[in-house]
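Input: a single structure, listed below in C-alpha cells.
Values in this document were obtained by computation on a predicted structure and should not be read as measured data.
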Amino acid sequence: MGNLAYRVIAIVTAVIGLAIAIFALMAAYRTEDAWSRLLFTLGLPASLLLPAVGALLVIVGVVMFIHAVRGMERSD
C-alpha cells in the first residue's frame with residue numbers, strides 16, 4: 001500500500017511541475033494584455049525561474065515514480 005501512495009505522490013508531483021512550467025512559459029512569452037494582468041494578479045514574475053522550478057518538479061516526480069516501480073519489481 002505504501003508503494004502505491006508513493007507512486008501517486010510521484011505522479012501528482014510531476015503533473016504539478018509540468019503545469020507550473022507550461023503556465024510560466026506561456027506567461028513569459030505571450031504579450032497580450034490578459035496575460036500581463038494575470039501575472040500581476042497572481043504576483044508571479046515573468047522570469048525563467050518558475051519554469052525551472054516546474055521542470056525540477058517534473059524530474060523529481062519521474063525519478064520517484066521510477067524508484068517506486070523498481071522497488072515493486074524487487075519485492076516480487
Side-chain angles (χ1 to χ4, degrees):
M1 184 64 181
N3 198 355
L4 177 63
Y6 188 72
R7 285 186 286 165
V8 169
I9 291 170
I11 291 171
V12 168
T13 302
V15 169
I16 289 172
L18 187 62
I20 289 172
I22 289 171
F23 172 77
L25 287 171
M26 286 180 66
Y29 292 109
R30 297 193 83 174
T31 57
E32 293 94 22
D33 289 338
W35 280 101
S36 297
R37 274 188 245 114
L38 183 63
L39 277 177
F40 288 118
T41 301
L42 295 176
L44 296 174
S47 68
L48 292 179
L49 182 61
L50 198 57
V53 170
L56 179 65
L57 280 174
V58 170
I59 291 169
V60 168
V62 168
V63 169
M64 285 173 63
F65 186 78
I66 290 171
H67 181 261
V69 169
R70 285 189 178 168
M72 192 172 70
E73 289 173 354
R74 277 187 239 137
S75 66
D76 289 340

Inset, instruction - Kindly write out the residues that satisfy side chain to side chain contact (heavy atoms under 4.5 Å, CB included) with Val63, not counting sequence neighbours, or none if the list is empty. - result: Ile59

Inset, instruction - For residues Val62 and Ala14, report the shortest heavy-atom separation together with the two atoms involved. - result: N-CB, 4.4 Å

Inset, instruction - Please report the shortest heavy-atom distance between Thr13 and Leu57, naming the atom on each side. - result: CG2-O, 3.6 Å

Legend entry - Set of side chain to side chain contact (heavy atoms under 4.5 Å, CB included) partners for Val12, sequence neighbours left out: Val8, Ile16

